[in-house]
Amino acid sequence: MENIDWKNLGFGYRKTDYNIRCYYRNGAWGELEESSSEFINLHMAATTLHYGQEAFEGLKAFRGRDGKIRIFRMDENARRLQDSCDGTLMARLPVEKFQEAVKRVVKLNERFVPPYESGASLYIRPILFGTGPQVGVKPAEEYLFIVFVTPVGPYFKGGFQTTPFVIMREYDRSAPLGMGKYKVGGNYAASLVAGERAHQLGYSNIFYLDAKEKKYIDECGAANFFGIRNNTYITPKSSSILPSITNKSLMVLAEEMGLKVEQRPVPVEELSTFEEAGACGTAAVISPIERIDDYDENKTYLFSPDGKPGAICEKLYKKLRAIQYGDEPDPHGWITVLE
Ligand SMILES: Cc1ncc(COP(=O)(O)O)c(C=O)c1O
């Protein structure tokens with residue numbers, strides 16, 4: 001295994017040995033290819049550079065106590081990438097090819113999968129983009145799919161912790177009939193200014209409301225939102241948020257724990273009724289929310305007066321992590337154990 005200070009690793013790019021590539025040319029995807037280069041040779045008129053024909057994914061592999069490597073719900077990421085391709089008129093990558101590429105890249109970089117005890121994991125980043133040249137606004141005729149990996153440290157270095165978020169109505173991430181439901185680069189470009197502003201003010205990120213009416217809750221930075229009230233898990237249904245695979249998994253686990261699950265438009269005033277709140281996504285599983293400050297209305301929604309995560313957030317977090325690391329059984333077939 002690589003000699004890395006796993007516990008103190010952050011979330012950043014670190015070179016590994018190989019990446020997997022696959023080219024779409026003449027109307028068909030080719031064979032998977034191994035590469036040890038971190039660079040690509042790209043046409044200056046590639047549609048990805050001019051018209052944002054680009055989509056990506058993010059998932060993780062975990063090393064268990066038994067030393068085995070487990071990949072979490074990669075079929076879901078494969079399908080979400082297909083949706084993003086449909087939304088940007090890019091060539092769809094078959095689900096099986098995606099899965100094969102992910103398994104191969106993890107296997108080839110096995111020595112970078114952090115040890116169980118570290119709480120770190122291997123982040124897997126698939127990207128697909130238009131490489132063919134166009135000058136008019138048109139889809140490319142050629143595409144490239146790449147998967148690379150990078151080891152990332154435990155999200156909570158000082159233990160499972162709460163953070164504050166902020167509502168600022170001057171920023172939108174995506175429009176109701178726009179691209180928010182796809183994992184495309186433009187959405188992240190659109191969030192950088194707001195994210196930076198939030199960080200400068202000491203928040204972990206922006207808490208987005210729906211762009212049209214500013215009445216309903218959308219997302220928290222690059223994570224879905226859920227609130228807990230009266231033994232119920234409540235999460236927004238919206239056409240402008242990314243369908244989070246973590247959220248989808250938590251809804252299943254919440255139901256199994258005996259909670260009611262509601263996925264529906266959530267009015268912003270409802271924040272005042274939640275006993276617990278969390279942001280969820282691949283990076284942290286759950287990032288419990290301490291409070292949400294409404295910057296424009298000078299109001300605070302407080303969930304954690306003592307700064308500690310709520311009991312249900314913690315239970316859900318521990319349960320999903322235990323499945324990912326193989327500490328508990330996987331009754332839903334979410335895990336692929338690497339051979
Ligand atoms: C905008 C946005 N929302 C939500 C999520 C969470 O999705 P997932 O649980 O699939 O990681 C992500 C990605 O992590 C994201 O970028």
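If you read the sequence from its start, that first residue is 1, and numbering goes on from there. Just so it is clear, the structure is predicted and the values come from calculations on it, not from any experiment.
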So, [X] and [Y], do they make that salt bridge, N to O below 4.0 Å?
X: Glu100; Y: Arg104; value: no
X: Arg264; Y: Glu270; value: yes
X: Arg321; Y: Asp327; value: no
X: Asp330; Y: Arg70; value: no
X: Lys183; Y: Asp83; value: no
X: Asp75; Y: Arg79; value: yes

Answer yes or no: are there more than 12 heavy-atom neighbours, outside [X] itself, under 6.0 Å from its atom [atom1]?
X: Asn26; atom1: CG; answer: no
X: Lys157; atom1: NZ; answer: yes
X: Phe160; atom1: CZ; answer: yes
X: Lys214; atom1: NZ; answer: yes
X: Glu141; atom1: CD; answer: no
X: Asn298; atom1: CG; answer: no

Determine the interplanar angle of the [X] and [Y] rings, folded into 0 to 90°, and report it as parallel if under 30°, tilted if 30 to 60°, perpendicular if over 60°.
X: Tyr24; Y: Tyr143; answer: perpendicular
X: Tyr116; Y: Tyr325; answer: perpendicular
X: Trp334; Y: Phe72; answer: perpendicular

Practice task
Could you tell me which residues satisfy salt bridge (Lys or Arg N to Asp or Glu O under 4.0 Å) with Lys107, sequence neighbours excluded, listed by chain and number?
Solution key: Glu110
Practice task
Determine yes or no for a side-chain-to-main-chain donor-acceptor pair under 3.5 angstrom, with Asn19 supplying the side chain and Ser37 the backbone.
Solution key: yes
Problem - Gln53 side-chain N/O to Thr88 backbone N/O, donor-acceptor pair under 3.5 Å - result: yes
Problem - Pairs flagged by salt bridge (charged side-chain N to carboxylate O under 4.0 Å, His left out) wherever residues 187-211 is involved - sequence neighbours left out - result: Glu170-Arg197
Practice task
With sequence neighbours excluded, give me every salt bridge (charged side-chain N to carboxylate O under 4.0 Å, His left out) pair touching residues 37-59.
Solution key: Glu57-Arg80
Handout entry: Nearest non-hydrogen partners of Leu209 and Asp218, listed with the distance
Key = O-OD2, 3.9 Å
Exercise for the section: State yes or no: are the ring centers of Tyr123 and Phe11 separated by less than 6.0 Å? Expected result: yes
Handout entry: Within the 6.0 Å centroid threshold, strictly below: Phe225 and Phe207
Key = yes
